[in-house]
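Notes for the one structure printed next.
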Amino acid sequence: MRKTIVAGNWKMNKTFSEAEDLLFEISEQLYDTPPSQGVDVIIFPPFPFLELTADAAEDDVFYFGAQNCAEHDKGAYTGEVSAAMIKSLDATHVIIGHSERRKYYGETGEILLNKVKQALNNDLVPVFCIGESLEDREAGRHFDVIKEQLSEVVFKLSEEDVSSIIIAYEPVWAIGTGKTATTEQAQEMHAYIRNLFAETYSKELAEETYILYGGSCNAKNAKELFACPDVDGGLIGGASLNKDDFLTIIYSA
Ligand code: PEP
């Protein structure tokens, strides 16, 4: 039986003291009033706040991870952060393939496959993001795009490796736009993705795979989206930056 995952992607937001306030407020609240048993919370702060996040997560009130990792092990890659470094701070997860990384930093399927392998080799759970553009959806290509994004990365891996990956379906037209996918659109795509996992690997693996929804998910629409049978929670951007909104989403899950 799958749980519900509520994950917050802070992107490039917050200073150290703002991060400290938000992390410890969330941590205290979750300690005092734990979310329902079937709910896991993951926070993805910017790299410089990972250690601080580890401190705030000390009572195991939430998991945490990084928003990206290098495609290489280590060495002369100025400015990069390796999966091993992230793991050494006790992080458990890493986001890979966010549409902003694909768009602004030219991350291709080949690069993303290397990053996913780095994460798996370092015992980090990759949260692998996929999603179609508005143009793709309007042209009716959305299912093909999703299949391609999975085929060039995830479906190149063994069933054992894939069993440790979380998928985040994030239609690009819904990210940061305030334009959420309808529950019908989300459920339709999540069911399609789950079916691809069943066809490529097995029905058992498909049933165990977590598929999160991301794209303007907020305190008002989260409950309805999470109630879709194939939506296993959300990757939350903007609304995870506000304590009350993020906690409302967690408690509505
Ligand atoms: C995201 O960045 O993963 C995201 C879903 O952002 P937002 O919730 O702000 O649309």
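Atoms within each ligand, like the ligands themselves, are counted from 1 in listed order. Just so it is clear, the structure is predicted and the values come from calculations on it, not from any experiment.
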Under 3.5 Å: donor-acceptor pair, side chain of Thr177, backbone of Trp173: yes
Shortest non-hydrogen contact from Thr15 toward Phe49: C-CZ, 3.5 Å
Leu212 versus Leu235, closest heavy-atom pair with distance: CB-N, 4.2 Å
Residue Glu135 excluded, over 12 heavy atoms near CD under 6.0 Å: no
Protein residues that have a heavy atom under 4.0 Å from any atom of ligand 1, sorted by chain and number: Asn9, Lys11, His98, Glu170, Ala174, Ile175, Gly176, Gly214, Gly215, Ser216, Leu235, Ile236, Gly237, Gly238
Cation-pi, Phe197 ring and Arg194 (6.0 angstrom, 45 degrees): no
Name of the residue among Phe64, Tyr63, Phe62 meeting ring-ring contact (aromatic ring centres under 6.0 Å, His included) with His93: Tyr63
